[in-house]
Amino acid sequence: MYALPKNDLIIRVGGGGGEGVISVGDLITQACARAGLDVYTFKTFPAEIKGGYAMYQMRAGTERLYNQGNSFDVFCAFNGEAYDINHARLKPGTALVYDSTANFEPDIPPGVHAYPIPMTQAAKEMGGVRVKNMIALGSLSRLFNIPEVALREVIASKFVRKGDDVVQANLAAFERGRELAVTLEKTDAWTLGVPATKRDVVVLSGNNAIGLGALIAGLEFFAAYPITPATEIAIYVAKHLPKRGGTLIQAEDEIAAISQVLGASYAGKKAMTATSGPGLSLMSEMLGMAFMSETPCVVVNVQRGGPSTGLPTKHEQSDLFLAIHGAHGDSGRIVLSVENVQDCIGLTVLAFNLAEKYQCPVILLSDGSLAFSTQSVLYPNPGDFAIVNRTRWEGEGDYRRYALTEDGISPMADPGTHGGMHIATGLEHNESGLPSYTAANHEAMQAKRFRKLEAVVDDVAPVEVDCVDDASADIGIIAWGSTIGVVREALQRLRAEGFAVKGFYPKLLHPLPAAQFEAFGAGCKRLLLPEVNFQGQLAHFVRAETTLRPESYTICGGLPFTPEMIINKVRELLA
Ligand code: COA
């Protein structure tokens, strides 16, 4: 069959942890991006280092991509478990590439185009099963037109640190995979179209982009305790921060990490930590301390399935309650949430700017799907970002660290500033910072600290409304985090079917831009709020802080929504 080039192709690779599935996905992604395609990936893997089901889904296209797509056009199965898990998704027209020497006999559904490749056997003949994944990669490249020159380049650069013999073995296996595919008759319709011109983009994971954003913002001190799925942020920062004169500490636990961050910030440095739900739970006392002592800090929380240890490697959006209210007493903070990798850069800069300006903790929520998702983003120019630094005391007159100012913001003095000596304590304090427990003082100080937050909504870009005109929508969808990208595509397709639908995509979740929610709600007959948690956490806050009553659509199976799920839900509601 003649295969027309596709401008939007989804390839999924599945196999056992340790079989090199993730490497295949990464290599395809890098090669497609080099060839000028937009890429958006999703990967999920077991908590075990070896064994269990690992999956990588890669979507490449010539248009802007907002999510990893519904299902796949091409599936590559390394073993029987991966085949069984994905069997139900093998629809007519799908291409299936599988290891015909991995001890499983696929029962191929009608209409599926099957390409048996003896991956294990060919790898053994070349010296070892380690290169089985390169046999698969070569076959995929030949069958679906994945740019072969770019693939050879990225294979060489991926394995160069393992030695030239490893590079050569992998390149040879890649060629062998291509040869094996040539012997098969291509019957499916999937061939990747590659654009004539390249764009100035870079491929980054969500975690790396947060690290990059922090460096652009002027990060000087980073402390963290490793935790999936946030550890890559520390790895990225460890590689780059010391070269810029900054300091990174791997703390003994999360309580130590946030304490060190507050100490560094008190000393005048821009400071940050990165963690996941269990770590954020441990940090809650010190977040109260940061608010009380008005110490700027950025805490990145990459959400994973909970509660407790939960699903360590899986996706969820279930830390919003904790992010907004996780601390004792009346404790405030700012909470932002990122939609995609591009946001991971820009909103990390914003998080630092807000922390510095309002002298309070800022929690930046990412999630398990974004953490490992690689996407093409416009090459960031650090000069394009406005950078805000804290208001410092100039050293004139009597210094009162917690002076009761109109906007609640009081200038900070770095330690060592002549006349600026002060203590920053978790105890309630007077304007000079000395302990004071009178009712009048506590009320005045609480009002001061919360007064600062009143200006935040106006300091952040208005919430994006996704609509084609001002006409009232039958359904308005409110989405946050990486669910936004799924809703964007669902709305495009629903509009093409004639539905009157709008989207609302808040990135500042606390303080909630309530007036903007109200204005959006006024233009919609019904509101739907899809989120990947059990309780409908954002819907809870929307109901509490506005007059709106969005209908919750929640899932919590460790995977993100797909556009199809949102489309079906809207069709169901409007039926
Ligand atoms: N030749 C040489 N080396 C190869 C190779 C090849 N053909 N193919 C893969 N490798 C190497 C990779 O470079 C990688 O090595 P590195 O760690 O030195 O970079 C390693 O083999 C693993 O391969 P990769 O493709 O990245 O992963 P995989 O698909 O085999 O899956 C994981 C393994 C990632 C799922 C698993 O090891 C893992 O880490 N699980 C998560 C554990 C976790 O986070 N638990 C959380 C506890 S809270």
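Small disclaimer: the values here were computed from a predicted structure and weren't measured. Start at 1 and go down the list; that is how both ligands and their atoms are numbered.
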State whether the number of non-hydrogen atoms from other residues, nucleotides or ligands found under 6.0 Å of Lys269 atom NZ is greater than 12.
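Atom NZ in Lys269 is not crowded, with 12 or fewer foreign heavy atoms closer than 6.0 Å.
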Can you tell whether the side chains of Arg142 and Glu148 come within less than 4.0 Å, N to carboxylate O?
no
Testing the 3.5 Å rule here: is there a donor-acceptor pair between the side chains of Asp84 and Tyr53?
no
Are there any N/O pairs under 3.5 Å between ligand 1 and the protein, and if so, what are their distances?
residue, atom, partner, partner atom, Å
ligand 1, 1 (N), Asn170, ND2, 3.3
ligand 1, 7 (N), Arg130, O, 3.2
ligand 1, 7 (N), Asn133, OD1, 3.0
ligand 1, 7 (N), Asn170, OD1, 2.7
ligand 1, 8 (N), Asn133, ND2, 2.8
ligand 1, 13 (O), Lys162, NZ, 3.2
ligand 1, 15 (O), Lys162, NZ, 3.1
ligand 1, 18 (O), Arg161, NH2, 3.3
ligand 1, 18 (O), Lys162, NZ, 3.2
ligand 1, 19 (O), Arg161, NH2, 2.8
ligand 1, 21 (O), Arg130, NH1, 3.1
ligand 1, 25 (O), Ser23, N, 2.8
ligand 1, 25 (O), Ser23, OG, 2.6
ligand 1, 29 (O), Val21, N, 2.9
ligand 1, 29 (O), Ile22, N, 2.8
ligand 1, 30 (O), Gly18, N, 2.8
ligand 1, 30 (O), Glu19, N, 3.2
ligand 1, 30 (O), Gly20, N, 2.8
ligand 1, 31 (O), Gly18, N, 3.4
ligand 1, 37 (O), Ile49, O, 2.7
ligand 1, 40 (N), Pro46, O, 3.4
ligand 1, 40 (N), Glu48, O, 3.2
ligand 1, 44 (O), Thr228, OG1, 3.2
ligand 1, 45 (N), Ala47, O, 2.9

Using residues 368-377 as the side-chain source, report each donor-acceptor pair under 3.5 Å to any protein atom, sequence neighbours left out, with the distance given to one decimal.
residue, atom, partner, partner atom, Å
Ser373, OG, Thr41, O, 2.6
Ser373, OG, Gln375, NE2, 3.1
Thr374, OG1, Thr41, OG1, 2.7
Thr374, OG1, Tyr56, OH, 3.3
Gln375, OE1, Val341, N, 3.1
Gln375, NE2, Tyr40, OH, 3.4
Ser376, OG, Asp38, OD1, 3.4
Ser376, OG, Val39, N, 2.7

Atom pair CG (Leu65) and CD (Glu489), whose distance is rounded to the nearest 0.5 Å
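These two atoms lie 8.0 Å from each other.
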Minimum side-chain heavy-atom gap Gln535-His540 below 4.5 Å:
no
